[in-house]
Amino acid sequence: AFDGSLTTIAGANTSTANANGWPVVSVLAPTYPEWLGGRGFTEAHGVRFPYVAGAMANGIATTRLVIEMARRGGLGFFGAGGLKFDRVAQAVDELVATLGAGPTAVPWGANLIHSPNEPALEAAVADLYIQRGVSRVSAAAYMALTPSIVRFAYHGLSRSRDGEILRPNMVLAKVSRPEVARHFIRPAPEAMLNDLVASGLLTSEEAQLGAGLSVAEDITVESDSGGHTDNRPLGPLFAAVQAVRDELVAAHHLSRPIRIGAGGGISTPQAVASAFALGASYVLTGSINQACVESGLSPAGKELLAHADVADVAMAPAADMFELGVDVQVLQRGSMFAPRSRQLYKLYRTYPSLEAIPAEEAAEIETRVLGMTIDECWGATRSFWLDRDPAEVTKAEADPRHKMALTFRSYLGLSSRWAIDGEEDRQLDYQIWCGPAMGAFNAWTTGTFLAEPLARSVGQVAMNLLEGAAVITRAHQLRTAGLPVPDTAFNYRPRLFA
């Protein structure tokens, strides 16, 4: 038995008793959702909860989602990846007007995605963030550092009168490999810092101070997730990144703390509690947020997600890294995107040009995948790149394989747009980034108000996950104190929060 505050645990085989005459086995301090994770994270970012709503690309993580997370005391990131510069600028202006800018504003952030095919766009977005006072970015899809992310990380570094380094910009780096984590945990390479100074993008003081600081002070370990993923289980990956963190902190004599968070598969109270038990300073959610009412995904896409099971996912070629053979994890149930995109990639690997594709195979992809002739698809693709980056058209007209890649990438890019816009006649081609977490979330919410797509607010989801994690953590504490805890104590059910 235990009292109403869950602070006193009673049982047999002890001579100590409390005021009610119950024998006392152990005494536990209170547990609150705010106390889960690392206090350093909430203090550094000025948030109430150690909870991050990730930056689902193409604006799926909308400004509305970011604002709702800020209202609830969490940290949300706008999904800038894949959007045109003007659209990103519009969203940033809205968030600055609503939540403020700079490190003293209500906490929020935006995505800075590695764009190997569009480095100029990556640099322009980084410059936009600096100019508008965006003080937090979620760095995603990086395999190595680029000048843009390093410039953002070290911009504005200075010393206070007492010698403390003041860091106005903060990077939360999503990594799925220990070797990538190394790039963000240690200081940026000296040669890159020197180049940034020479080009006027960093001052000498900023580079000098940055030489002793990690690029990122928050490292999100991304396990089996929607979108870009290596499909790794959280436990081993988290431990490996922890070891890298400890090694590099000692090797580079880093005095500022490097916090490690957990993302990928975070969709139930059990998953949140287990992430914090591993030592995570914070958790980051992704797939489940795009199923919420604030996301930019169409109602039809959200309906598909609401029926997903843990096995209803598949790997498919990534639009932004098609030529490199990089995959993303997507929803398979109700969509043919995964097999159709793999068919395009197979053709790209097999033939040297569009013209070399046999007529029978060309006719099949025109009818079943592209929905137009290959020539028409290239014409539309060419017009798109003339507006976005004419250099890509010049390169494609000189390189048949690049022309083929751009043509096939157009299907991959449009498929995610069709899911966002809710194009009814292309529903079988919807590309919806999704990991097994979505199925686990659906199983947990079955029979509750959160089973209904229209009730799935990011705020309600976040509060229930955190409250549930606190309850499960409490049940575990009771069990480790020697109390026989029933299985039902580990099965928190969603409730409506005000």
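Since the structure is predicted, the reported quantities are computational estimates derived from the model, not experimental observations. FYI, side chains are in, hydrogens and waters are out, and symmetry mates aren't considered; it's all heavy atoms of this structure.
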Salt bridge (Lys or Arg N to Asp or Glu O under 4.0 Å) partners for [X], two or more places apart:
X      : answer
Lys302 : none
Glu205 : none
Arg245 : none
Asp127 : Arg151

Indicate yes or no for a side-chain donor-acceptor contact from [X] to the backbone of [Y] under 3.5 Å, with no hydrogens or angles considered.
X      : Y      : answer
Ser214 : Ala216 : yes
Glu206 : His155 : no
Ser274 : Ala271 : yes
Gln131 : Leu128 : no
Tyr348 : Ala405 : no
Asp224 : Pro233 : no
Ser341 : Ala338 : yes
Asn464 : Gln460 : yes

Do the charged groups of [X] and [Y] touch, with an N to O distance under 4.0 Å?
X      : Y      : result
Glu164 : Arg159 : no
Glu323 : Arg409 : yes
Arg132 : Asp93  : yes

Any side-chain heavy atom of [X] within less than 4.5 Å of one from [Y]?
X      : Y      : value
Leu254 : Pro187 : yes
Ile149 : Phe184 : yes
Ile113 : Ser115 : yes
Val283 : Leu36  : no
Pro317 : Leu344 : no
Phe490 : Gln270 : no
Val215 : Phe152 : no
Thr229 : Val328 : no

**Report entry** Atom CZ of Arg177: over 12 foreign heavy atoms under 6.0 Å
**Finding:**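 Open: at most 12 neighbouring heavy atoms sit under 6.0 Å from CZ of Arg177.
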
When the side chains of residues 430-443 are checked against the rest of the protein, which donor-acceptor pairs come out under 3.5 Å, sequence neighbours left out?
from, atom 1, to, atom 2, distance (Å)
Tyr430, OH, Glu423, N, 3.2
Tyr430, OH, Glu423, O, 2.9
Gln431, OE1, Trp433, NE1, 3.0
Gln431, NE2, Leu412, O, 2.7
Gln431, NE2, Ser415, OG, 2.9
Asn442, OD1, Arg456, NH1, 3.3
Asn442, OD1, Arg456, NH2, 2.9
Asn442, ND2, Leu305, O, 2.8
Asn442, ND2, Ala306, O, 3.4
Asn442, ND2, Ala308, O, 2.9
Asn442, ND2, Met438, O, 3.4

**Report entry** Qualifying residues under side-chain hydrogen bond (donor to acceptor under 3.5 Å, both in side chains), relative to Glu118, sequence neighbours excluded
**Finding:**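 Scan of Glu118 (side-chain hydrogen bond (donor to acceptor under 3.5 Å, both in side chains), adjacent residues dropped) gives Arg388.
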
Requested in this report: Only counting residues at least two apart or in another chain, list the ones meeting side-chain hydrogen bond (donor to acceptor under 3.5 Å, both in side chains) with Arg340.
Outcome: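 For Arg340 the side-chain hydrogen bond (donor to acceptor under 3.5 Å, both in side chains) partners, ignoring immediate neighbours, are Asp429.
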
Query raised in the report: Would Glu217 and Ile185 satisfy side-chain contact (heavy atoms from CB on, under 4.5 Å), going step by step from the backbone distance to the final call?
Result: CA-CA 7 Å; Glu217 293 181 0; Ile185 295 173; over 6 Å; no

Query raised in the report: How would you list all residue pairs meeting side chain to side chain donor-acceptor pair (under 3.5 Å) that involve residues 66-78, not counting sequence neighbours?
Result: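 Listed once each, the pairs are Glu68-Arg71, Glu68-Arg72.
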
Would you mind listing every ring-ring contact (aromatic ring centres under 6.0 Å, His included) that reaches into [range], with sequence neighbours excluded?
range            : answer
residues 268-288 : Phe41-Tyr282
residues 97-140  : His114-Tyr142
residues 210-252 : none

Can you tell me how far apart [atom1] ([X]) and [atom2] ([Y]) are? Round to the nearest 0.5 Å.
X      : Y      : atom1 : atom2 : answer
Thr62  : Gln290 : OG1   : CD    : 12.0 Å
Glu247 : Arg186 : CD    : CZ    : 9.0 Å
Asn58  : Ile420 : CG    : CD1   : 4.5 Å
Ile260 : Asp246 : CD1   : CG    : 7.0 Å
Asp218 : Ser281 : CG    : OG    : 7.5 Å
Leu297 : Ser416 : CG    : OG    : 10.0 Å

**Report entry** Nearest heavy atoms of Ala275 and Leu234, plus distance in Å
**Finding:**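 Shortest heavy-atom separation between Ala275 and Leu234 comes out as CB-CD2, 4.3 Å.
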
Report task. Please report the C-alpha distance between Thr63 and Val92 in whole Å, then the side-chain angles of each, then the deciding distance to 0.1 Å, and finally whether the side-chain contact (heavy atoms from CB on, under 4.5 Å) criterion is met. Result -> CA-CA 8 Å; Thr63 54; Val92 168; over 6 Å; no

Requested in this report: Show your working on side chain to side chain donor-acceptor pair (under 3.5 Å) between Ser295 and Asn289 and close with a plain yes or no.
Outcome: CA-CA 7 Å; Ser295 92; Asn289 295 331; over 6 Å; no

**Report entry** Ser223, Ser225, Ser176 screened by side chain to side chain donor-acceptor pair (under 3.5 Å) with Asp230, the one that passes
**Finding:**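 Of the listed options, the one satisfying the test is Ser176.
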
Query raised in the report: Who are the ring-ring contact (aromatic ring centres under 6.0 Å, His included) partners of Tyr345, not counting sequence neighbours?
Result: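 Per chain and number, Tyr345 pairs via ring-ring contact (aromatic ring centres under 6.0 Å, His included) with Phe322.
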
Requested in this report: Could you walk me through whether Ile266 and Val272 pass side-chain contact (heavy atoms from CB on, under 4.5 Å), step by step?
Outcome: CA-CA 6 Å; Ile266 306 297; Val272 175; 3.6 Å; yes

Report task. Take Val47 and Met69 through the side-chain contact (heavy atoms from CB on, under 4.5 Å) test and state the conclusion after the steps. Result -> CA-CA 10 Å; Val47 292; Met69 282 308 306; over 6 Å; no

Query raised in the report: Looking at Phe77, does the NZ or CZ of Arg136 lie under 6.0 angstrom from its six-membered ring centre and within 45 degrees of the ring axis?
Result: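 That pair does not qualify as a cation-pi contact.
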
Report task. Apply the test side chain to side chain donor-acceptor pair (under 3.5 Å) to residues Thr42 and Glu34: give CA-CA distance (whole Å), side-chain angles for both, the deciding distance (0.1 Å), then the verdict. Result -> CA-CA 9 Å; Thr42 54; Glu34 293 90 333; over 6 Å; no

